[in-house]
> 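Once you've had a glance at the structure underneath, I'll fire off some questions.
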Protein chains: 2
Amino acid sequence: MSDIKTTEGLTPPLTLPEDEVRQGIELLFYAYRDFTIEPDTILLKYGFGRAHHRVIYFVGRHPHMSVSELLVILRITKQSLARVLGQLVRQGFIVQHTGKSDRRQRLLQLTPTGVELERQLSENQRQRIQRAYVEAGPHAVEGFRKVMLGVISGDADRGRFRRTR
Amino acid sequence: MSDIKTTEGLTPPLTLPEDEVRQGIELLFYAYRDFTIEPDTILLKYGFGRAHHRVIYFVGRHPHMSVSELLVILRITKQSLARVLGQLVRQGFIVQHTGKSDRRQRLLQLTPTGVELERQLSENQRQRIQRAYVEAGPHAVEGFRKVMLGVISGDADRGRFRRTR
DNA sequence: AAAATATGTCAACATGTCTGACATAAAAAC
DNA sequence: GTTTTTATGTCAGACATGTTGACATATTTT
């Protein structure tokens, strides 16, 4: 973050062109915008929103996760989560079961219907990533990962990516 | 864009590991989430939201752009835009002037105050990108760009990036 | 003169976020 | 074993951002 000093003849140009940085900002904006359009459309049919997708995605990704773990990932309040999670539970996409070691916890899990919805929702996003990855090539993907990790804030979250590869 | 055929012994592995794709999805989620936290916090002080930032950003980026051009970029309805744009104009961050060739148009421009707010808002995002770019190196940045362009949908939007480099 | 375009505006509504307050059950600490 | 902390739920009210639909005005194009 800080220095403009570690430059002793190394590769990176220390002052990046204004335009290059602006481009980076806009790439993130457009990519995220397009990345969410199609799932959003599907969700409409169920009367759900993007928040439901996020919950379904992460519960699918980490079965038996607790409510508080989910809150940490999503960075929203429990009241915000309560509405969408409640809907998903009442409508049979997610089940909650009491934790064994800690009976206060409500561990979350997708139902078969939930799994199906998750698949349907993420399908387009998977294809989009897959296509972009294949077209760009593995070398570019490595660079993509590096930059994205640099954009992400905390070591905690960065740690989530320290396994693949 | 289309094919899965140009593979005769080339580099890209055609079936990407499930986990690699998932990782890509999550990188986008976390990066975008963290990318917007700080500006959002600043905006709160002004009673503004993320939508105001987007308007200020793009008007700053493309001075004298028309309302309809802005609508195309943002992909929202004019009624949605009207609210935030109206606030920004009334509070002196943006001025509208009638188009010369087409007097129906209201061309948008940041006031000095608007420029200052834009700078303040985007400062953190610029630093974030700059840091990530410098740390990852120009080679990685090239890969990042390739992948992000692949994620973005239309040729129209991709065309916005066909100049730098 | 008529039609299309660029913009603005009013109204109603859905969604997702927030803060604040309070309740319950279970675990941890004393 | 009582107290405190933790995990979760819930109610209520607020605000920001998005949507549709309808209609108005000025200006350009046909």
Side-chain angles (χ1 to χ4, degrees), chain A residues 29 32-33 36-37 39-57 59 64-91 94-109, chain B residues 29 32-33 36-37 39-59 64-91 94-109 121:
Chain A
F29 169 73
Y32 196 78
R33 184 196 63 180
T36 49
I37 297 172
D40 284 357
T41 308
I42 298 171
L43 287 158
L44 268 187
K45 300 184 210 155
Y46 292 84
F48 292 157
R50 195 177 295 178
H52 299 80
H53 185 187
R54 291 195 285 253
V55 170
I56 285 180
Y57 177 84
V59 171
H64 309 293
M65 86 189 306
S66 69
V67 171
S68 52
E69 284 167 343
L70 188 50
L71 286 175
V72 167
I73 287 186
L74 298 177
R75 299 249 177 102
I76 57 174
T77 58
K78 67 175 171 180
Q79 296 92 327
S80 299
L81 176 58
R83 179 157 44 194
V84 295
L85 183 54
Q87 290 173 334
L88 290 170
V89 168
R90 280 193 301 277
Q91 296 184 34
I94 287 180
V95 283
Q96 298 174 298
H97 50 277
T98 303
K100 286 167 197 164
S101 54
D102 186 340
R103 291 173 39 80
R104 291 171 306 180
Q105 294 182 331
R106 297 297 130 85
L107 305 181
L108 307 171
Q109 198 177 1
Chain B
F29 168 74
Y32 196 78
R33 185 196 63 180
T36 49
I37 297 173
D40 284 357
T41 308
I42 298 171
L43 288 158
L44 268 188
K45 301 183 210 156
Y46 292 83
F48 292 157
R50 197 176 294 178
H52 299 80
H53 186 188
R54 290 195 285 253
V55 169
I56 285 179
Y57 178 85
F58 282 110
V59 171
H64 309 292
M65 85 189 305
S66 71
V67 171
S68 52
E69 283 167 343
L70 188 51
L71 286 175
V72 167
I73 287 185
L74 297 177
R75 300 248 178 100
I76 58 175
T77 58
K78 67 174 173 182
Q79 295 93 327
S80 298
L81 176 59
R83 181 158 40 198
V84 294
L85 183 53
Q87 290 173 333
L88 290 170
V89 169
R90 280 193 302 277
Q91 297 184 31
I94 287 181
V95 284
Q96 299 174 296
H97 50 277
T98 303
K100 286 167 197 166
S101 54
D102 185 340
R103 292 172 37 79
R104 290 171 303 181
Q105 293 182 331
R106 295 299 129 84
L107 305 183
L108 307 171
Q109 197 178 3
L121 285 175

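The model shown is predicted, which means the values in this text are computed figures rather than measured ones.
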> Any base atoms under 4.0 Å from A/S68, or only sugar-phosphate, or nothing? Heavy atoms, all strands.
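Counting heavy atoms under 4.0 Å across all strands, the contact made by A/S68 is with sugar-phosphate only.
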> Within this structure, what is the CD1-CZ distance for the pair A/I76 and B/R33, rounded to the nearest 0.5 Å?
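The distance works out to 11.0 Å.
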> Between B/V95 and B/V89, is the side-chain contact (heavy atoms from CB on, under 4.5 Å) condition met? List the steps.
CA-CA 6 Å; B/V95 284; B/V89 169; over 6 Å; no
> On DNA chain C, nearest-nucleotide positions of A/I76 versus B/V67: which is more 5'?
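Looking at the nearest nucleotide for each, B/V67 comes out on the 5' side.
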> Under 4.0 angstrom, heavy atoms only, what part of the nucleic acid is B/R83 near: base, sugar-phosphate, or nothing?
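Base contact.
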> Rounded to the nearest Å, what distance is computed from the NE2 atom of residue B/H97 to the P atom of nucleotide C/dT7?
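Rounded to the whole Å, the gap is 12 Å.
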> Taking atom CG of A/L44 and atom CZ of A/R50, what is their separation to the nearest 0.5 Å?
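Between A/L44 CG and A/R50 CZ, I get 11.0 Å after rounding to 0.5 Å.
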> Give, for atom CZ of A/R104 and atom OG1 of A/T98, the distance between the pair rounded to the nearest 0.5 Å.
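Going from the CZ atom of A/R104 to the OG1 atom of A/T98 covers 12.5 Å.
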> Please state how far atom CZ in A/R106 lies from atom C1' in C/dA25, giving the value in whole angstrom units.
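Interatomic distance, CZ of A/R106 to C1' of C/dA25: 8 Å.
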> For a quick check of understanding: with a heavy-atom distance under 4.0 Å over all strands, which category does A/S101 fall into, base, sugar-phosphate or nothing?
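Since only primed, P, OP1 and OP2 atoms lie under 4.0 Å of A/S101, the category is sugar-phosphate.
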> Measure the distance from CG on B/L44 to C1' on C/dC18 and round it to the nearest whole Å.
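Atom CG in B/L44 sits about 9 Å away from atom C1' in C/dC18.
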> Among C/dA27, C/dG16, C/dC18, find the nucleotide with the atom closest to the side chain of A/H52.
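The answer is C/dG16, which lies nearest to the side chain.
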> How close or far is atom P of C/dA23 from atom CD of A/Q79, stated in whole angstroms?
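After rounding, the gap between these two atoms is 15 Å.
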> Report the relative orientation of the aromatic rings in B/H52 and B/F48; use parallel for angles under 30°, tilted for 30 to 60°, perpendicular for over 60°.
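Because their plane-to-plane angle is under 30°, the rings of B/H52 and B/F48 count as parallel.
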> For B/G99, answer base if it contacts any base atom (sugar-phosphate contacts may also be present), sugar-phosphate if it contacts only those atoms, and nothing otherwise; contact means non-hydrogen atoms under 4.0 Å.
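Nothing, no nucleic acid heavy atom in range.
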> May I ask you to say what B/A51 touches in the nucleic acid, namely base, sugar-phosphate or nothing, with a heavy-atom cut-off under 4.0 Å?
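Sugar-phosphate only.
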> What's the CD1-C1' distance between A/I56 and C/dG16, to the nearest Å?
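Between C1' of C/dG16 and CD1 of A/I56: 16 Å.
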> Assign A/Q96 to base, sugar-phosphate, or nothing according to its heavy-atom contacts below 4.0 angstrom with the strands shown.
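Sugar-phosphate, backbone atoms only, no base.
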> I need the B/L121 CG to B/L43 CG distance, nearest 0.5 Å.
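It is 4.5 Å, given to the nearest 0.5 Å.
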> State whether the side chain of A/E69 and the backbone N or O of A/S66 hold a donor-acceptor pair below 3.5 Å, judged by distance alone.
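Between the backbone of A/S66 and the side chain of A/E69 there is a qualifying donor-acceptor contact (under 3.5 Å).
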> Take atom CD of A/Q87 and atom C1' of C/dA14, then tell me their distance rounded to the nearest Å.
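Roughly 11 Å, once rounded to whole Å.
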> I would like to know whether B/Q96 and B/L85 meet side-chain contact (heavy atoms from CB on, under 4.5 Å); could you show each step before the answer?
CA-CA 10 Å; B/Q96 299 174 296; B/L85 183 53; 4.2 Å; yes
> Nearest-Å distance, CD1 (B/I37) to P (C/dT17)?
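After rounding, the reported distance stands at 13 Å.
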> Could you state the atom-to-atom distance from CD of B/Q105 to P of C/dT5 in whole Å?
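From B/Q105 CD to C/dT5 P: 14 Å.
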> Starting from the 5' end of DNA chain D, give me the residue, B/V84 or B/K78, whose nearest nucleotide shows up first.
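Per heavy-atom nearest nucleotide, the more 5' residue is B/V84.
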> If you look at every strand shown and take non-hydrogen atoms under 4.0 Å, does A/G47 touch a base, only sugar-phosphate, or nothing?
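Since only primed, P, OP1 and OP2 atoms lie under 4.0 Å of A/G47, the category is sugar-phosphate.
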> Chain A on DNA chain D: first and last contacting nucleotide, 5' to 3', under 4.0 Å to a heavy atom?
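With heavy atoms of chain A under 4.0 Å away, the range is D/dT6 to D/dC11.
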